[in-house]
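We use all heavy atoms of the structure for the numbers below, so side chains are in, but hydrogens, waters and symmetry mates are not.
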Amino acid sequence: MSDEPTTPDTAAPASDGTGDATSAADAAPTLRYFDLYREPAGIVPLTADERAVLRLVNQRVAALPTLEDVIDLLFERTAGIFPFDRIGLSFVEEGGRRVVSRYVKARYEPVYLPQGYSEDLRGSSLERVLHRGTPRIIADLERYLADRPNSRSTKLLVREGVRSSLTCPLIVEGRIVGFMFRSSREVGAYDQHHVELQMALTERLSQAVEKAWRIEQLTAANRNYLEMLGFVSHELKNPVASMVTDARLLADGYLGPLEQRQKDKLERLIGKGEYLLDLVREYLDLARVEGGDLEVSLQCNVPLVERVIDPAVDVVRSQMERAGVTLETEVPDPAVTADCDPALLTIVLVNLLGNAVRYGRHGGAVRLGVRLERRRLRMTVWNEGPGFTRAERAGLFRKFSRLHTPTADQRRGTGLGLYNSWRIVQLHHGHIRADARPGEWAEFTFEIPQPLCAADVADELEPSE
């Protein structure tokens, strides 16, 4: 990572090898910072090869999707204009208090200072690079280590055989977001021209590097979030389900008669427990959908009433009973079959029926319709209730999107059920839509093509990205 120590930047005078200290005028300094606006030697013109490399990097780096791709490009394309055996990329974290290595590539093995290595910036020579934005050259790492024997990172680099290094800050809109390091196994490999050339490169690299790094951070954060979401939801599911079951046993009088007020309390407890189970179910579905674990396990000629409709109705039955809802099913052919993943289609139907009960009119009707016609399976869930407007319909199938009407705002929900349903229907190569008449009814319909078990169709049913 950072070819930098953690000891303060107060090196002893360089030695000429005889044991006598020499002045800066008598020997090249081990450590040097470069302010390119004040260097007396001025800017050295770039060669044709150097300009060609800069142009190539400028053209290609913005399109590279990952930091690893950026390092690979630099490693391959800049070998002819730079001396180096190692390239590293590190980022400033914790409000400028720590630097963390994120990518390392070397021509040799083993690498003792790897990706993930971190150091505090306070008191290091790299701190000056951070605060002033000035590049840094360490001409002789062994001499540098002799002056700073407590520098862990320098010890590791010397152990790798590195003898000199060039460090340049990555600057985006005036902020230093990280550092790029070139390291050589030769003493004194870098001079001011290399600094100028590297700064010209990093000027082009900085924004692309930060963008790729932020994307990777967001990806990692999302992955961690989904893993935590799945873990927590799974751990909650069983104990909450057990509590609901026990409460039902008590409420139904299996363990002895209860007074009416005791039953009422238990019914409220059951309702809250089932609400938590709904949340757990939706978050577990989301973790599967977003985590890439959701795959279509396609089955042919699935009996829909037995494998999809009845299981879905069983899940929401207690909700319907509490809401006084009447369920009307319209299945012209009770033996109807379809090609689908019955477990995933049950999730869709549970979500649609659950929403119909939750957002419908208390004591109203819910209709479930199933038809297989024109090589398409169509399932519809209709409910009496406040419905929604045309403008509100546009956001229905987005993640965490909920209706904001006086009635809907009084009902608890996550906005995940419709999103999960949309993803599952998409995986079946189908479509889902919503319609409503405000103040009267709402209807959700999904269609999936049939048959799906044909070889040319089944091959296209891929896991979600």
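The CG atom of L298 sits 11.5 Å away from atom CG of L427, with the distance rounded to the nearest 0.5 Å. We find the CZ-NZ distance between R148 and K155 to be 14.0 Å, quoted to the nearest 0.5 Å. One finds the CG atom of L201 at 13.5 Å from the CZ atom of R77 (value rounded to the nearest 0.5 Å). Between D49 atom CG and T78 atom OG1 the span is 12.5 Å, to the nearest 0.5 Å. Rounding to the nearest 0.5 Å places OG1 of T47 at 7.5 Å from CD1 of I81. From L377, atom CG reaches atom CG of L304 across 5.5 Å, with rounding to the nearest 0.5 Å.
Defined by atom type and a distance below 3.5 Å, a donor-acceptor pair is present between the side-chain atoms of N355 and R358. With no hydrogens or angles considered, a side-chain donor-acceptor pair links T445 and T380 at under 3.5 Å. Checking Q198 against H193 by side-chain atom types alone, no donor-acceptor pair falls below 3.5 Å. Judged by distance alone, the side chains of T30 and D140 never bring a donor and an acceptor atom under 3.5 Å apart.
Across all their heavy atoms, R136 and L126 have their closest contact at NH1-N, 3.7 Å. The minimum heavy-atom distance between I138 and L141, with the atom names listed, is CG2-CD2, 3.6 Å. Across S421 and V348, no two heavy atoms sit closer than the pair OG-CA, 3.7 Å. Between P438 and T389, the shortest heavy-atom distance links the atoms CG-CA, 4.2 Å. For the pair L269 and A247, the tightest heavy-atom approach, listed with the atom from each and the gap, is CD2-CB, 4.1 Å. G133 and I176 make their closest contact through CA-CD1, 3.6 Å (heavy atoms, listed as atom of the first residue, atom of the second, distance).
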Checklist entry - Please walk me through it: do F388 and Y359 pass ring-ring contact (aromatic ring centres under 6.0 Å, His included)? => result CA-CA 10 Å; F388 46 84; Y359 297 108; 9.9 Å; no
Item to check | Verdict with reasoning, D72 to K105, per salt bridge (Lys or Arg N to Asp or Glu O under 4.0 Å) | outcome: CA-CA 8 Å; D72 287 344; K105 188 164 186 175; 2.7 Å; yes
Item to check | side chain to side chain contact (heavy atoms under 4.5 Å, CB included) evaluation trace for L113 with V104 | outcome: CA-CA 9 Å; L113 200 158; V104 172; 5.6 Å; no
Next on the checklist: Apply side chain to side chain contact (heavy atoms under 4.5 Å, CB included) to residues L130 and L121 and explain how you reach the verdict.
Outcome noted: CA-CA 9 Å; L130 174 67; L121 281 165; 3.6 Å; yes
Checklist entry - Taking it one step at a time, do Y108 and E160 satisfy side chain to side chain donor-acceptor pair (under 3.5 Å)? => result CA-CA 8 Å; Y108 54 81; E160 289 183 18; 2.5 Å; yes
Checklist entry - Stepwise, does the side chain to side chain contact (heavy atoms under 4.5 Å, CB included) test hold for R98 with V92? => result CA-CA 6 Å; R98 179 181 298 165; V92 176; over 6 Å; no
Item to check | M180 and I87: CA distance, side-chain angles, deciding distance, side chain to side chain contact (heavy atoms under 4.5 Å, CB included) verdict | outcome: CA-CA 7 Å; M180 183 173 174; I87 289 181; 3.8 Å; yes
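Between C340 and I448, some side-chain heavy-atom pair lies under the 4.5 Å cut-off. No side-chain heavy atom of N420 sits under 4.5 Å from any side-chain heavy atom of R423. By the 4.5 Å heavy-atom criterion applied to side chains, V357 and N383 are not counted as neighbours. V381 has its side chain within reach of L349: a pair of non-hydrogen atoms, C-beta onward, lies under 4.5 Å apart. Counting heavy atoms from C-beta on, the side chains of P449 and R375 never come closer than 4.5 Å. The shortest distance between side-chain heavy atoms of V195 and L166 falls below 4.5 Å. Between E447 and H431, the closest side-chain pair of non-hydrogen atoms is not below 4.5 Å. Put simply, the side chain of F446 does not reach to within 4.5 Å of the side chain of I424, judged on heavy atoms.
Panel note: side chain H428, backbone D341; a donor-acceptor pair is recorded below 3.5 Å. Checking side-chain atoms of Y190 against main-chain N and O of P83 turns up a donor-acceptor pair under 3.5 Å. Listed for the D339 side chain is a donor-acceptor partner under 3.5 Å among the backbone atoms of L452.
Aromatic pair F91/F179: ring centres not closer than 6.0 Å.
Stacking of R102 on the aromatic ring of Y117 is not recorded, the 6.0 Å distance cut-off and the 45° axial limit not both being met. The cationic group of R128 lies under 6.0 Å from the six-membered ring centre of Y33 and within 45° of the ring axis, placing it in a cation-pi geometry. Stacking of R86 on the aromatic ring of F181 is not recorded, the 6.0 Å distance cut-off and the 45° axial limit not both being met. Figure legend: cation-pi geometry between R182 and F82, with NZ or CZ positioned under 6.0 Å from the six-membered ring centre and within 45° of its axis.
Under the side chain to side chain contact (heavy atoms under 4.5 Å, CB included) test applied with F34, the options Q192, H194, M199 reduce to a single match, Q192. Of the candidates Y419, F444, W422, F444 is the only one forming a side chain to side chain contact (heavy atoms under 4.5 Å, CB included) with L396.
In this structure, R132 places its CZ atom where only 12 or fewer heavy-atom neighbours from other residues, nucleotides or ligands lie under 6.0 Å away.
A salt bridge does not link R163 to E186: none of the charged nitrogens lies less than 4.0 Å from a carboxylate oxygen.
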